[in-house]
Asker: 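One structure, pasted below without further comment.
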Amino acid sequence: MGIGLMYGLWRPRVLGAWRVPASGPVILAVNHSHMIDGPMLMGTAPRPVHFLIKKEAFVGPLDPFLLGIGQLKVDRTTADRTAITNALGVLAGGGVLGIFPEGTRGEGDFASLRAGLAYFAVRSGAPIVPVAVLGSTERRGRLIRALPPLRSRVDVVFGDAFAAGDGSGRRTRKAMDEATVRIQERLTAHLENAKRLTGR
């Protein structure tokens, strides 16, 4: 459904999808500047993606729909143990977990990362694949101002998978902080490379 919707409304250009491991657990770390970034990735990723999504999005008919397609509800105001357990369960089962490491929509430049991504990566041992979604905020649509213009191009660029940990297996606060720094460097470098590659 996501594939048909994203390709029907816009013109996604997907680069580097082959970099996503074909099997086994993996975390897709995605920049987030527009509300279509998550659906765009779900519709273009080579494997099904389970996103951690704020609980406020699970309202009305969206609640059973999002749960039905395997999305994970998270309460951002507290340490949501159920969401953490469910996310680790996705990875333990060899699935793909999608995370917006900035925690919320913003500039989409990976300038401010929360510790959650490092925790899931170090705890599970799953590799991280950086993903840059570009073009979703460049212009506003004429029919629906909150969305990009219909049939406009949106680039989805996948980067090389990398390990967040230092190989020691440590899960201390210091290890998580160091992992977050490494992750931010890799994500920022990927975003810059994706912009050069796409000309955006």
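As the structure is a computational prediction, the values presented were derived from the model and not from experiment.
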Asker: List the atom of Met40, the atom of Pro12, and the distance in Å for their closest heavy-atom pair.
Answerer: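 Scanning both residues, the minimum pair turns out to be SD-CG, 3.7 Å.
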
Asker: Let me confirm one number: the CG-CZ distance from Leu97 to Phe51, rounded to the nearest 0.5 Å.
Answerer: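 With rounding to 0.5 Å, CG (Leu97) is 8.5 Å from CZ (Phe51).
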
Asker: How close do Ala161 and Arg19 get, heavy atom to heavy atom, and via which atoms?
Answerer: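 What the structure gives for the nearest pair is CB-O, 4.5 Å.
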
Asker: Heavy atoms only: give me the nearest Leu91-Val26 pair and the separation to one decimal.
Answerer: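 Result for this residue pair: CD2-O, 3.6 Å.
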
Asker: Is there a side-chain contact between Leu134 and Lys195, using heavy atoms and a 4.5 Å cut-off?
Answerer: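 Yes, their side chains come closer than 4.5 Å.
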
Asker: Are the side chains of Trp18 and Phe158 in contact, using a 4.5 Å heavy-atom criterion?
Answerer: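 Counting from C-beta outward, Phe158 and Trp18 never come under 4.5 Å.
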
Asker: Between Val30 and Pro101, which heavy-atom pair has the shortest distance, and what is it?
Answerer: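 The pair with the smallest heavy-atom distance is O-CD, 3.3 Å.
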
Asker: What pair of heavy atoms forms the shortest contact from Ala121 to Ala164, and how long is it?
Answerer: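 Nearest pair, atom of Ala121 first, then Ala164: CB-CB, 3.6 Å.
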
Asker: If hydrophobic clusters are built from ILVMFWY residues whose side chains come within less than 4.5 Å, do Val181 and Met176 share one?
Answerer: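 They do not share one cluster, since no chain of ILVMFWY contacts under 4.5 Å joins Val181 to Met176.
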
Asker: Compare every heavy atom of Leu72 with every heavy atom of Ala87, then report the nearest pair and how far apart it is.
Answerer: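 What the structure gives for the nearest pair is CA-CD1, 3.7 Å.
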
Asker: Can any side-chain N or O of Gln71 pair as donor or acceptor with the backbone N or O of Val49 at less than 3.5 Å?
Answerer: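 Here the side-chain-to-backbone pair exists.
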
Asker: Closer than 3.5 angstrom, by distance alone: can the side chain of Asp63 be matched with the main-chain N or O of Val59 as a donor-acceptor pair?
Answerer: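 Not at all, since once roles are kept as given, no pair shorter than 3.5 Å links the two residues.
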
Asker: With hydrophobic residues grouped by side-chain heavy-atom distances under 4.5 Å, do Leu197 and Leu191 end up in a single group?
Answerer: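 They do not share one cluster, since no chain of ILVMFWY contacts under 4.5 Å joins Leu197 to Leu191.
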
Asker: Does the side chain of Val96 reach to within under 4.5 Å of the side chain of Val90, using non-hydrogen atoms?
Answerer: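 No, side chains not in contact.
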
Asker: Assess the residue pair Leu187 and Leu117 against the criterion (side-chain contact (heavy atoms from CB on, under 4.5 Å)); give the C-alpha distance rounded to whole Å, side-chain angles, the decisive distance to 0.1 Å, and a yes or no.
Answerer: CA-CA 12 Å; Leu187 298 186; Leu117 175 55; 4.2 Å; yes

Asker: Please report the interatomic distance CG(Leu52) to CG(Asn86), rounded to the nearest 0.5 Å.
Answerer: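 Rounded to the nearest 0.5 Å, the CG-CG separation comes out at 8.5 Å.
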
Asker: Please determine if Asp160 and Arg186 form a salt bridge, counting it only when a charged side-chain N lies under 4.0 Å from a carboxylate O.
Answerer: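 Salt bridge flag = no for Arg186 with Asp160.
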
Asker: What distance separates Ile183 CD1 from Ile27 CD1, expressed to the nearest 0.5 Å?
Answerer: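 If I round to the nearest 0.5 Å, the distance is 8.0 Å.
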
Asker: Does the side chain of Leu15 reach to within under 4.5 Å of the side chain of Thr198, using non-hydrogen atoms?
Answerer: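 Answer yes - side chains close enough.
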
Asker: Please evaluate residues Val20 and Leu28 with respect to the criterion side-chain contact (heavy atoms from CB on, under 4.5 Å), reporting the C-alpha separation (whole Å), side-chain torsions for both, the decisive distance (0.1 Å), and the verdict.
Answerer: CA-CA 9 Å; Val20 178; Leu28 300 184; 4.3 Å; yes

Asker: Look up atom NE2 in His50 and atom CE in Met42, then write down how far apart they are to the nearest 0.5 Å.
Answerer: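 These two atoms lie 11.0 Å from each other.
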
Asker: For residues Leu41 and Ile69: do they belong to one hydrophobic cluster (side chain heavy atoms under 4.5 Å, members Ile, Leu, Val, Met, Phe, Trp, Tyr)?
Answerer: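 Per the 4.5 Å side-chain linkage, Leu41 and Ile69 are co-clustered.
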
Asker: May I ask you to test the Arg13-Val156 pair for a side-chain heavy-atom distance under 4.5 Å?
Answerer: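 Not in contact.
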
Asker: Please examine the side chains of Val133 and Asn31, heavy atoms only from C-beta on, and report whether any two atoms are closer than 4.5 Å.
Answerer: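 A side-chain contact exists here, since the closest heavy-atom pair is under 4.5 Å.
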
Asker: Within this structure, what is the CZ-CG distance for the pair Arg81 and Asp75, rounded to the nearest 0.5 Å?
Answerer: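 Between Arg81 CZ and Asp75 CG, I get 13.0 Å after rounding to 0.5 Å.
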
Asker: Any side-chain heavy atom of Ile84 sitting closer than 4.5 Å to one from Phe120?
Answerer: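 Yes; the side chains approach each other to less than 4.5 Å.
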
Asker: Evaluate the side-chain proximity of Lys73 to Asp80: yes if any heavy-atom separation is below 4.5 Å, no if none is.
Answerer: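 Asp80 does not reach Lys73 side chain to side chain.
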
